[in-house]
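Following: one structure in structure tokens, then a few remarks.
In what follows, every heavy atom counts, from backbone to side chain, and hydrogens, waters and symmetry copies are set aside. Numbering starts at 1 and runs along the sequence shown.
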Amino acid sequence: MTIPVIKASGKTEDFSIDKLVNSLVRSGAPEDVARDIAERVSEQVSPSVHTRHIFRLAKKMLRHYSKATGMRYSIKRAIHALGPTGYPFEKYVGRILKAHGYDVEVNRMISGYCVTHEVDVLATRENRRCMIECKHHASGERPADIKTALYVHARFEDIRKAFEVRESLNSHIHEGWLVTNTRCSSEAIEYAECVGLKVVSWRYPETGSLEAMIEAKRLYPVTILPSARGKTIEALTSNDIILAEEISGMDLPALMQRSGLDRQTASLIKKQADELCP
């Protein structure tokens with residue numbers, strides 16, 4: 001018997017034990033543990049239940065197995081929480097690219113042929129410079145659409161043309177990228193592939209997706225820590241503390257001094273970061 005469940009987008013799909021198992025395994029759970037949790041969750045799934053309820057059930061059971069694995073299971077929602085402005089997400093993307101061997105500048109002003117642009121991330125590796133536009137969404141309900149892809153490519157073309165016609169500018173911008181924490185519409189991907197715009201989104205492309213780049217080096221944002229909420233997130237990100245591993249790499253006095261957090265809050269945040277990033 002199939003059980004219809006409601007996704008974040010409002011669309012309905014059939015509940016899949018295998019899909020739940022795969023998501024648990026990606027967070028680090030052994031397959032036998034993931035299978036056991038998925039089967040126990042399935043016993044509590046009723047028709048038209050929201051997928052966020054399924055997520056909460058699975059996360060609660062997973063944390064009994066491993067606190068660190070339970071935290072990693074929240075990675076997608078943790079990235080959604082890098083808001084409400086897009087600046088923390090831009091910094092986060094910069095950290096990810098730096099860990100993957102790029103030289104990175106964030107929020108760089110670059111003169112285009114027609115107008116001046118504030119580029120979210122300028123990344124360079126092996127003499128190739130990439131102009132990166134970051135699009136952050138607070139939920140997974142809406143994909144990046146064709147209008148976003150058109151906008152990003154137009155900005156890249158304006159900057160590229162400026163470097164081509166002005167001989168005084170000796171460094172070219174070679175690639176335009178769109179990086180988003182959600183998925184992209186099929187139309188946006190089709191357009192990007194046609195014009196040569198690189199798209200990095202959740203699980204796209206098959207090799208080198210945002211999720212894959214994060215998991216390859218365990219680059220978890222501070223928002224993945226259970227105690228990181230509201231003003232605590234703001235205190236961390238506004239003081240350029242973006243990754244959980246950065247907290248783990250500090251002693252408690254250094255964390256308190258840099259973030260401005262009180263001892264009790266800082267101590268709890270550090271304990272959770274140390275569990276996640278031993």
Chi angles and distances behind the salt bridge (Lys or Arg N to Asp or Glu O under 4.0 Å) call for Asp18, Arg35: CA-CA 8 Å; Asp18 289 339; Arg35 179 68 59 180; 3.1 Å; yes
side-chain contact (heavy atoms from CB on, under 4.5 Å) between Ile54 and Val5, worked out
CA-CA 9 Å; Ile54 296 172; Val5 295; 3.8 Å; yes
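- A donor-acceptor pair under 3.5 Å is absent between the side-chain atoms of Thr148 and the main chain of Ala144, judged by distance alone.
- Using modelled atom types, one side-chain atom of Ser23 and one backbone atom of Leu20 make a donor-acceptor pair closer than 3.5 Å.
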Taking it one step at a time, do His80 and Phe89 satisfy side-chain contact (heavy atoms from CB on, under 4.5 Å)? CA-CA 9 Å; His80 289 163; Phe89 181 63; over 6 Å; no
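- Taking hydrophobic clusters as Ile, Leu, Val, Met, Phe, Trp and Tyr residues chained together by side-chain heavy-atom distances below 4.5 Å, Met256 does not share a cluster with Ile269.
- Using a 4.5 Å heavy-atom cutoff, the side chains of Met213 and Leu97 are in contact.
- With values rounded to the nearest 0.5 angstrom, Ser227 atom OG is found 3.0 Å from Leu268 atom CG.
- Residues Pro205 and Val199 approach most closely at CD-O, 3.4 Å, considering heavy atoms.
- The line from NZ of Lys270 to SG of Cys277 is 9.5 Å long, rounded to the nearest 0.5 Å.
- Criterion: ILVMFWY side-chain heavy atoms under 4.5 Å apart, direct or through other members. Under it, Val33 and Val25 are part of a common hydrophobic cluster.
- Counting non-hydrogen atoms of neighbouring residues, nucleotides and ligands closer than 6.0 angstrom, the CG atom of Asp251 exceeds 12 such neighbours.
- Ring orientation note: the planes of Tyr102 and Trp177 are nearly perpendicular, at an angle over 60° on the 30°/60° scale.
- For the pair Arg72/Leu276, a side-chain contact is recorded, criterion being any heavy-atom separation below 4.5 Å from C-beta on.
- Ser185 and Asp145 are not linked by any side-chain donor-acceptor pair at a separation below 3.5 angstrom, with hydrogens and angles left out of the test.
- Residues Gly112 and Ala162 share a closest heavy-atom pair of C-CB, 3.4 Å.
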Exercise for the section: Report the C-alpha distance between Arg77 and Arg52 in whole Å, list the side-chain angles of each, state the deciding distance to 0.1 Å, and finish with yes or no for side-chain contact (heavy atoms from CB on, under 4.5 Å). Expected result: CA-CA 10 Å; Arg77 284 166 174 77; Arg52 65 172 171 263; 4.2 Å; yes
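- Between the side chain of Arg258 and the main chain of Asp240, a donor-acceptor pair closer than 3.5 Å is present.
- Using a cut-off of 4.0 Å between Lys/Arg side-chain N and Asp/Glu carboxylate O, Arg160 and Glu157 are scored as salt-bridged.
- The shortest non-hydrogen separation linking Thr69 to Ala29 is CG2-N, 3.7 Å.
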task = Report the C-alpha separation of Arg125 and Asp103 in whole Å, then their side-chain angles, then the decisive distance to 0.1 Å, and conclude whether the side-chain contact (heavy atoms from CB on, under 4.5 Å) test is met.
result = CA-CA 6 Å; Arg125 187 173 71 177; Asp103 293 324; over 6 Å; no
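- Atom CG of Leu178 sits about 5.0 Å away from atom SG of Cys184, to the nearest 0.5 Å.
- Counting heavy atoms from C-beta outward, Ile247 and Leu236 have side chains that approach closer than 4.5 Å.
- A donor-acceptor pair shorter than 3.5 Å can be found between the side chains of Ser74 and Lys59.
- A distance of 11.0 Å separates CD in Glu90 from CD1 in Ile132, rounded to the nearest 0.5 Å.
- In this structure, the side chains of Leu122 and Ile173 come closer than 4.5 Å at one or more pairs of heavy atoms.
- Nearest heavy-atom pair across Leu261 and Ala266 is CB-CB, 4.1 Å.
- Put simply, the residue from Thr180, Asn181, Ile79, Thr182 that forms a side chain to side chain contact (heavy atoms under 4.5 Å, CB included) with Trp202 is Ile79.
- Between Tyr220 and Ile214 the shortest side-chain heavy-atom distance falls below 4.5 Å.
- Listed here is the closest heavy atom pair of Leu197 and Gly176: CD1-O, 3.2 Å.
- Ion pairing between Glu164 and Lys161 fails under the 4.0 Å rule for side-chain N and carboxylate O.
- For the pair His117/Asp158, a side-chain contact is recorded, criterion being any heavy-atom separation below 4.5 Å from C-beta on.
- Once rounded to the nearest 0.5 Å, the distance linking CG of Asp14 with CD1 of Ile3 reads 9.0 Å.
- With hydrogens and angles ignored, the 3.5 Å screen pairs a side-chain donor or acceptor of His136 with a backbone N or O of Leu82.
- Between Val200 and Lys198, the closest side-chain pair of non-hydrogen atoms falls below 4.5 Å.
- The closest side-chain heavy-atom distance from Lys271 to Lys67 is below 4.5 Å.
- A salt bridge links Lys19 to Glu13: one of the charged nitrogens lies within less than 4.0 Å of a carboxylate oxygen.
- Classification of Lys91 and Asp120 as a salt-bridged pair fails, no side-chain N sitting under 4.0 Å from a carboxylate O.
- Taking a cutoff of 4.0 Å between a charged side-chain nitrogen and a carboxylate oxygen, Glu215 and Arg26 do not qualify as a salt bridge.
- In this structure, the side chain of Thr237 engages the main chain of Ile233 through a donor-acceptor pair within 3.5 Å.
- In this structure, Ser267 contributes its side chain and Gln264 its backbone to no donor-acceptor pair below 3.5 Å.
- Atom CD of Glu118 has more than 12 heavy atoms from other residues, nucleotides or ligands within 6.0 Å.
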Requested in this report: Check the pair Arg155 / Glu133 against salt bridge (Lys or Arg N to Asp or Glu O under 4.0 Å), numbers first and verdict last.
Outcome: CA-CA 9 Å; Arg155 294 188 71 198; Glu133 184 77 13; 2.4 Å; yes
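- Interatomic distance, OH of Tyr65 versus OH of Tyr73, reported as 15.0 Å (0.5 Å rounding).
- In this structure, Ile6 is not a member of the same hydrophobic cluster as Phe15, with clusters built from ILVMFWY side-chain heavy atoms closer than 4.5 Å.
- Distance alone, capped at 3.5 Å, is enough to place a donor-acceptor pair between the Glu246 side chain and the Ile242 backbone.
- Under the 4.5 Å side-chain heavy-atom criterion for grouping Ile, Leu, Val, Met, Phe, Trp and Tyr, Leu57 is connected to Leu62 within one hydrophobic cluster.
- Annotation: Glu39, atom CD; neighbour count of heavy atoms from other residues, nucleotides and ligands within 6.0 Å is above 12.
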Original post:
Stepwise, does the side chain to side chain donor-acceptor pair (under 3.5 Å) test hold for Ser248 with Asp274?
Top reply: CA-CA 5 Å; Ser248 181; Asp274 290 343; 3.1 Å; yes
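- The existence of a salt bridge linking Glu175 and Arg128 is confirmed by a sub-4.0 Å separation between a basic side-chain nitrogen and an acidic carboxylate oxygen.
- In this structure, Ile146 is a member of the same hydrophobic cluster as Val152, with clusters built from ILVMFWY side-chain heavy atoms closer than 4.5 Å.
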Q.
The test is ring pair (Phe, Tyr, Trp, His ring centres under 6.0 Å); show your working for Phe163 and Tyr113 and say whether it passes.
A. CA-CA 8 Å; Phe163 280 86; Tyr113 184 77; over 10 Å; no
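- Arg183 forms no cation-pi arrangement with Tyr204, by the criterion of a distance under 6.0 Å to the ring centre and an angle within 45° of the ring axis.
- Side-chain atoms of Thr232 and Arg229 form no donor-acceptor pair, as typed in the model, at a separation below 3.5 Å.
- Counting all heavy atoms, side chain and backbone alike, Thr12 lies closest to Pro4 at CG2-CB, 3.6 Å.
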